Amino acid sequence: WLVIDRKVYDISHFYRRHPGGARLLDSHAGQDATDAFVAFHVNKVLVSKYLKPLQIGELAPDQPSIEPTKNEMLVKDFRELCATVERMGLLEPNQLFFFLLLAHILLLDAAAWLILFYFGTSLLPFVFSLLLLTISQVQASWLQHDLGHLSVFRKTKWNHLLHKFVMCHLIGASAKWWTLLHSQHHAKPNCFHKDPDIDMHPFLFTLGKKFSVEVIPLENKLKRASCLCKLLGLHSFFHSSGSKRKNTCPTTTNTNTSS
């Protein structure tokens, strides 16, 4: 289960069918995923149709939705800052800039191959062509990054189409592969074992302090299972009659949903 806007959802079966990948939902299991949900979903009306059958309850009025490990004031300030930035229009893209950037990349690509075609593969033309291709590929990687974030066009479809063109045809990599990994990175940035960008052996690429890790002890995993059972009306089955484990589940009010 996870919480979005104080509503509790059972994702035990849905997470494998999640378009953004199962690992993305798994990293938020048992947590409040409101900020991640808002950041990743452009068309929230459409997504709400898929969420409604998964809802199994709501947090009680006296139950805080912010994770106890997070600073409540910082979370509220961050959400207020995001809302202010959007109201000011600072996230509105300049489509002329992106068009000129794409034209710039295509011209560099064409120039690099024309140099080899007309001047051959001797040392000087080869080095100059390599320089142009390197600049082109670096610029293309950042362009596909913005397209992958759906931040160039207002319509998601056009972002996806151009992202596939730049990533697959100009760079020669999988757009879907990049999107899945990069979404996991932004879901849990710089968190070892959850952020694939740093999911490597720490002795090879790090200096100083160790990576931050979300540690979930076995006791907390059992608490999560207990919470889900309680929300589904199976609390008495999960706890034996002699159990005296403290209840740390979120207090919820049941919601009738149709599957």
Side-chain angles (χ1 to χ4, degrees), residues 2-7 18-21 24-25 27-28 31-52 65-66 70-110 134-191 195-197:
L2 52 75
V3 177
I4 299 174
D5 288 330
R6 302 191 62 81
K7 294 181 174 63
H18 182 238
L24 193 62
L25 284 187
S27 64
H28 287 88
Q31 300 177 5
D32 183 282
T34 302
D35 291 325
F37 174 80
V38 172
F40 282 110
H41 299 93
V42 178
N43 190 344
K44 297 174 181 59
V45 176
L46 176 63
V47 178
S48 297
K49 295 179 181 180
Y50 295 93
L51 277 178
K52 192 173 182 180
S65 59
I66 297 176
K70 295 182 179 180
N71 187 312
E72 185 175 355
M73 290 299 297
L74 286 179
V75 173
K76 290 182 178 179
D77 287 346
F78 172 75
R79 291 175 179 175
E80 184 179 344
L81 176 62
C82 289
T84 303
V85 168
E86 285 196 42
R87 284 197 304 269
M88 294 175 65
L90 298 179
L91 299 181
E92 290 295 321
N94 185 339
Q95 294 180 350
L96 176 61
F97 166 80
F98 288 105
F99 171 77
L100 294 176
L101 179 58
L102 177 60
H104 161 75
I105 292 168
L106 293 175
L107 285 174
L108 286 175
D109 256 5
T134 301
I135 297 173
S136 170
Q137 288 292 298
V138 172
Q139 293 295 321
S141 67
W142 287 112
L143 176 58
Q144 71 83 24
H145 175 272
D146 292 335
L147 289 165
H149 275 283
L150 312 179
S151 56
V152 177
F153 300 102
R154 285 187 174 86
K155 290 190 176 181
T156 303
K157 177 179 68 174
W158 293 111
N159 283 297
H160 284 312
L161 287 175
L162 197 55
H163 181 232
K164 289 178 181 178
F165 171 74
V166 175
M167 191 65 172
C168 301
H169 297 281
L170 297 184
I171 297 179
S174 169
K176 183 177 180 180
W177 162 80
W178 182 90
T179 302
L180 289 175
L181 291 184
H182 201 63
S183 296
Q184 295 171 28
H185 158 68
H186 278 287
K188 295 289 180 179
N190 300 326
C191 186
D195 182 354
D197 286 6

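It should be emphasised that the depicted structure is a prediction, and the values quoted were computed from it without experimental measurement.
- Of the inter-residue distances, the one linking Q137 atom CD with T134 atom OG1 reads 8.0 Å to the nearest 0.5 angstrom.
- Remark: I135 pairs with L108, L131, Q139 by the side-chain contact (heavy atoms from CB on, under 4.5 Å) rule, at least two apart or across chains.
- Residues passing the side chain to side chain donor-acceptor pair (under 3.5 Å) test with H104, sequence neighbours excluded: none.
- Partners of E92 by salt bridge (Lys or Arg N to Asp or Glu O under 4.0 Å), not counting sequence neighbours, listed by chain and number: R154.
- Every residue meeting the ring pair (Phe, Tyr, Trp, His ring centres under 6.0 Å) condition with H185, not counting sequence neighbours, appears here in chain and number order: H182.
- Contacts of F99 classified as ring pair (Phe, Tyr, Trp, His ring centres under 6.0 Å), with partners at least two apart in sequence or in another chain: none.
- Annotation: side-chain contact (heavy atoms from CB on, under 4.5 Å) contacts of L91 (sequence neighbours excluded): V85, E86.
- Shown here for P93 and S151, the closest heavy-atom pair between the two residues is CB-O, 3.2 Å.
- For the atom pair K7 NZ and L51 CG, the distance stands at 10.0 Å (nearest 0.5 Å).
- In this structure S183 satisfies the side chain to side chain donor-acceptor pair (under 3.5 Å) test with no other residue, sequence neighbours excluded.
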Acceptor/donor pairs from residues 168-177 side chains to any protein atom, 3.5 angstrom cut, sequence neighbours excluded:
{"residue": "S174", "atom": "OG", "partner": "K176", "partner atom": "N", "Å": "3.4"}
{"residue": "S174", "atom": "OG", "partner": "W177", "partner atom": "N", "Å": "3.1"}

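- The ring pair (Phe, Tyr, Trp, His ring centres under 6.0 Å) test applied to F98 returns no partner, not counting sequence neighbours.
- With sequence neighbours excluded, the residues satisfying side-chain contact (heavy atoms from CB on, under 4.5 Å) with F153 are Q95, L147, W158, N159, L162.
- Taken from CG in L106 to OG in S136, the straight-line distance is 7.5 Å, to the nearest 0.5 Å.
- Note that the CG atom of L101 and the CG atom of L96 stand 11.0 Å from one another [nearest 0.5 Å].
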* To do: Mind running side-chain contact (heavy atoms from CB on, under 4.5 Å) on V47 and F37 for me, showing each step along the way?
  => CA-CA 10 Å; V47 178; F37 174 80; 3.5 Å; yes
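- Applying the side chain to side chain donor-acceptor pair (under 3.5 Å) criterion to D146, with sequence neighbours excluded, gives no partner residue.
- The aromatic rings of H186 and H145 are tilted relative to each other, their planes meeting at an angle between 30° and 60°.
- Remark: side-chain polar atoms of Q144 are paired, donor with acceptor, to backbone N or O of S141 under 3.5 angstrom.
- Applying the side-chain contact (heavy atoms from CB on, under 4.5 Å) rule to L74 yields the partners N71; only residues at least two apart in sequence or on another chain are considered.
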